[in-house]
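Before any comments, here is the structure.
Lettering follows sequence order; numbering is per chain, from 1. When reading the values below, keep in mind they use all heavy atoms of this one structure, side chains included, and skip hydrogens, waters and symmetry mates. As the structure is a computational prediction, the values presented were derived from the model and not from experiment.
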Amino acid sequence: MTGAAELDPRALRADFPILAREVGGAPLVYLDSAATSQKPRCVLDAMDRYYTETNANVHRGVYTLAAEATDRYEAGRFSVARLVGADRRGTVFTKNASEAINLVAWAWGVRSLKPGDAIVVTEMEHHSNIVPWQLVAKITGARVLFTPVDGDGRLDLEWLEVTLRTEPVRMVAVVHVSNVLGTINPVADIARMAHTYGAKVLVDASQSVPHMPVRFADTGADFMAFTGHKMLGPTGIGVLVADPATLDAMEPFLGGGEMISDVRTDGSDWAELPYKFEAGTPPIAESVGLGAAADYLMAIGMDAVRAHERSLTAYALGVLSQIDGITIYGPQDPDARGCPISFSVPDMHPHDIAQLVDRQGVCVRAGHHCAKPLMRTLGVGATARASTYVYNTHQDIDTLAAALAEARAFMAA
Amino acid sequence: MGLEDLYQQIILDHYRKPRHRGELEHPSVEVDHNNPVCGDQLHLGVLLEDGRIAGVAHTGDGCSISQASASMMSEAVAGMPVDDALELVEHFRLMMHRQTEPDEDRLGDAIALEGVAKYPVRVKCALLSWMALKDALQTHSATTER
Ligand SMILES: Cc1ncc(COP(=O)(O)O)c(C=O)c1O
């Protein structure tokens, strides 16, 4: 894959039809890609072409159309697998990242966890990587332990080491890049530690795969989850990546059509991988769209994506830190973080910030970002969050800063 | 429609200088409500004497709309008979859903929140304290009737 060395956001912007629209007369400045990304024309076209040219159910029909639909569905999987260096058989499509994590919690966790076992997550997890484990802990009698986060927004790896040494930890489930703090966690080191003590590792890569080069093997994880809609793809599709041998050893999560090789009145046999974990008609057009998104990202080059976002993040940290009294959460070193930047400003609730900057067409998020344990650690109820992607420019950051200044003046007036 | 609709001066004034903010010494009933969408939190204490709201106080953390609304609500219902207060809560709720002509005499400053109805995501912020009051009054009557 030879991506262009540098990414030109102004050229890429033309690929995203939505960026041409205005909000209340102001050009759209979309700074909420950590919640969901915008979609390039090629993704929309690929899905449209699928429905207009080859729509049929997959893996069933013998007729040409059905074969073409199956080809396109599997081509999508192939592109996604290639993006993260995964085995096609270990690349399972789910509904989203949440379902991918639930799949592991139920298919692996319910059968493997015993009373007293420990599942280690972290205080900076998205609810998606907490609640499935709590559900499964309730059924199995296992406990969910939270790795603390320090003042700089980093995980307490000493705590983790001690816990691995002293507790019967069976699973370490950790986010790769925090959707609130931006922290890039050293997942390979964590996986090495966890494996030393015989624990399995799940990496929530929802905020890393879209934004930086991620090779599944390099994470050291047993399982990796991410979600299509945050990486230029459509909603309705997520991905679980695992070693096929790991998945082979697991029972299915959901049952239904597609995931069986034989169904008898006295029992059933499972389909080969990855279909064993894809019950029912899968997200076909979504796979086509996500495949187009992965191809688009690979054509840009993930190194170039990361370099661009690192530059934007460094710039944003500089510009925002000029704001009087602002608190920026997470690591202040742009090399140690991805692009979500959470902040708070005195005397201005995040909700008011988001409402007021919307006047300038600026979209930022306000709230707990589905990370309530982290909010408690930070001692806040909510933060404002700006997050970028390939189509954002340094000027977008300037627009945000100007809109923040204006919002502040408005509230103080 | 400008944002000035949403953020009227009177709202910002209640936000900066909230009335009835604090804790009652001997509340008859206390409730905690929060808005899971945005993290607004409200603690409301109510003192009831002879079927009237003899005291009301709130603490918490939230956006300007939720905090101003708590202040305006407290001002509007202080001293009011419980039944009237419950009616006023319903009136306010209907105003937030644009299903009634707001009655300024009863709402007081809270009528300024009428513009919030145009911002569906903020309606929950405005309603937070009113729903907390309703809960407090109903909780109290349920426990005392028994
Ligand atoms: C770190 C992280 N994990 C998981 C998710 C959940 O993704 P989804 O809602 O697509 O399942 C998100 C996004 O909201 C996220 O930021």
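- Residue Gln138(B) qualifies as enclosed at atom CD: its count of foreign heavy atoms under 6.0 Å is above 12.
- Listed for the Asp352(A) side chain is a donor-acceptor partner under 3.5 Å among the backbone atoms of Ser64(B).
- For Glu25(B), the CD atom counts as loosely surrounded, since its 6.0 Å shell holds 12 or fewer non-hydrogen atoms of other residues, nucleotides or ligands.
- Options Gln355(A), Met411(A), Met348(A) differ in how many heavy-atom pairs under 4.5 Å they form with chain B, and the most are formed by Gln355(A).
- Remark: Glu30(B) pairs with no residue by the salt bridge (charged side-chain N to carboxylate O under 4.0 Å, His left out) rule, at least two apart or across chains.
- Chain B forms more heavy-atom pairs under 4.5 Å with one residue of Asp347(A), Leu356(A), Ile353(A), Val380(A) than with any other, namely Leu356(A).
- Here the shortest heavy-atom pairing between Cys63(B) and His351(A) reads CB-CB, 3.6 Å.
- Residue Arg16(B) comes nearest to Ala412(A) through the heavy atom pair NH2-C, 3.7 Å, listed as atom of the first residue, atom of the second, then distance.
- Between the NE2 atom of His368(A) and the CG atom of Asn35(B) there is a distance of 8.5 Å, given to the nearest 0.5 Å.
- At most 12 heavy atoms of other shown residues, nucleotides or ligands fall within 6.0 angstrom of atom CD in Glu101(B).
- Atom CZ of Arg365(A) has 12 or fewer neighbouring heavy atoms from other residues, nucleotides or ligands inside a 6.0 Å radius.
- For Glu104(B), the CD atom counts as loosely surrounded, since its 6.0 Å shell holds 12 or fewer non-hydrogen atoms of other residues, nucleotides or ligands.
- For Gln9(B), the part sitting under 4.5 Å from any heavy atom of chain A is the side chain, from C-beta outward, and nothing else.
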